[in-house]
Amino acid sequence: MPELPEVEVTRLGLETGLVGAAVTAVTCRTPSLRYPLPSRLLHRLVGRRLLGINRRGKYLLFDFGIGHLLLHLGMSGSLRLVPAASPAQRHDHFDLVFGRIAMRLRDPRRFGAVLWLQDNPARHPLIAVLGDEPLADDFTPSWLYQKTRGRRAPIKQTLMDSHLVVGIGNIYASESLFRAGIDPRKPAAGISLTRYRRLVPAIRETLEAAIAAGGSSLRDFVRSDGSSGYFQQQYFVYGRTGEPCHHCGGTVKSLRQGGRASFYCPRCQK
DNA sequence: CTCGCCACCTGGGGGC
DNA sequence: TGCCCCCAGGTGGCGA
């Protein structure tokens with residue numbers, strides 16, 4: 001799915017095309033994704049101008065002045081700009097139409113979310129519980145070090161806990177730990193401040209490189225302009241079980257942690 | 001608070 | 001060809 005970089009690339013793609021435009025129609029084709037679609041409330045957007053698009057973690061927040069449309073892409077969601085007249089296909093659940101252009105949400109696995117937030121988005125229960133933004137200035141080695149005292153879970157799963165730090169999914173957790181030279185199985189509490197001084201920049205570099213590459217985490221990820229794309233970002237370890245490590249030439253290994261696949265190089269990551 | 005596990009859903013791929 | 005099982009992905013919610 002869309003991890004933070006893919007959501008951010010989506011946000012950037014939509015922002016250019018939609019901010020300042022007014023909604024002319026709303027189409028809900030699915031009664032419910034993760035939550036029921038608030039179709040009655042959404043129809044009140046007709047005639048309203050989109051003032052801005054923000055991101056918090058993997059959530060997108062569309063500011064309409066009278067409230068915010070909150071979208072989450074789940075595991076398989078994508079948002080694209082299409083001609084308003086183009087026929088919807090299977091799994092196209094929701095359209096926000098801006099004249100001749102429609103922003104279309106497609107989500108085959110339907111883990112995504114569409115919600116209407118009347119009040120301050122930061123106070124919404126889904127947003128209020130979120131952890132630090134990994135690209136923000138307050139995400140520092142000492143902050144992460146302090147927050148992980150007493151956490152005996154493996155660092156890989158800890159990085160994926162959105163209540164601690166947002167936006168890092170299964171792919172970029174493995175990639176960040178490779179860059180930092182840390183074994184994904186290491187308990188978070190057992191990692192020294194010195195090593196967090198390496199991990200925090202590694203997370204930033206991983207996410208920023210992916211944003212620069214235009215989003216990459218799903219084979220079927222489609223950028224908001226509809227182009228197929230990701231400049232084939234090269235993963236260091238993700239999905240490369242049995243292949244040679246790009247750094248040391250050793251063999252990339254995989255294991256399961258909390259029901260998900262992790263990838264690492266035993267020689268580079270201790 | 002932390003942890004481990006389940007549920008949610010669908011399409012694609014491999015094995016037989 | 002068809003069937004079955006497993007897997008991918010994010011996150012809320014549960015009980016321990």
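Naming: A, B, ... by sequence-line order, numbering from 1 per chain. These numbers come from a predicted model, not from an experiment.
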[Y] versus [X], side-chain donor and acceptor atoms under 3.5 Å:
X	Y	value
A:Ser192	A:Arg197	no
A:Glu6	A:Tyr172	yes
A:His246	A:Gln234	yes
A:Glu175	A:Thr206	no

- Task: Answer whether the closest heavy-atom distance between the side chains of A:Val166 and A:Pro134 falls below 4.5 Å.
- Result: yes

Rounded distance in Å - [atom1] ([X]) to [atom2] ([N]):
X	N	atom1	atom2	answer
A:Leu4	C:dT11	CG	C1'	15 Å
A:Met160	C:dG12	CE	P	13 Å
A:Leu73	B:dT10	CG	P	18 Å
A:Leu33	C:dG12	CG	C1'	16 Å
A:Lys147	B:dT2	NZ	C1'	13 Å
A:Gln157	C:dG12	CD	C1'	17 Å
A:Asp161	C:dG12	CG	P	10 Å
A:His93	B:dC9	NE2	P	12 Å

Can you tell me which nucleotide in [options] comes closest to the side chain of [X]?
X	options	value
A:His163	B:dG4, C:dG10, C:dG12	C:dG12
A:His72	B:dT10, C:dG10, B:dC3	C:dG10
A:Arg152	C:dG10, C:dG12, B:dC3	B:dC3

- Output yes if the stacking criterion (under 5.5 Å between centres, under 30° between planes) is met for A:Phe111 over the base of B:dC9, else no. no

- Within the structure shown, what part of the strands sits under 4.0 Å from A:Arg260 by heavy-atom distance: base, sugar-phosphate, or nothing? base

- Query: So what does A:Gly258 touch, heavy atoms closer than 4.0 Å: a base, only the sugar-phosphate, or nothing?
  - Reply: nothing

Counting just side-chain N and O atoms, does [X] come under 4.0 Å of either OP1 or OP2 of [N]?
X	N	result
A:Arg256	C:dA8	yes
A:Arg34	B:dC8	no
A:Arg90	B:dG11	yes
A:Arg110	B:dC8	no

- Query: Which residues within residues 125-136 of chain A lie with some heavy atom under 4.0 Å of an atom in DNA chain C?
  - Reply: A:Leu126

- Which residue lies more 5' along DNA chain B, comparing A:His91 with A:Ala153 via nearest heavy atoms: A:Ala153

- Query: Relative to the 5' end of DNA chain B, which residue comes earlier, A:Gly259 or A:Gly150, by the nucleotide with the nearest heavy atom?
  - Reply: A:Gly150

- Task: Output yes when A:Asp161 and A:Arg151 qualify as a salt bridge under the 4.0 Å nitrogen-oxygen rule, no when they do not.
- Result: yes

- Can A:Asp132 and A:Lys147 be counted as an ion pair, charged N to O under 4.0 angstrom? no

- Query: Does A:Arg149 make a cation-pi contact with A:Tyr145, if we ask for NZ or CZ under 6.0 Å from the ring centre and within 45° of the axis?
  - Reply: yes

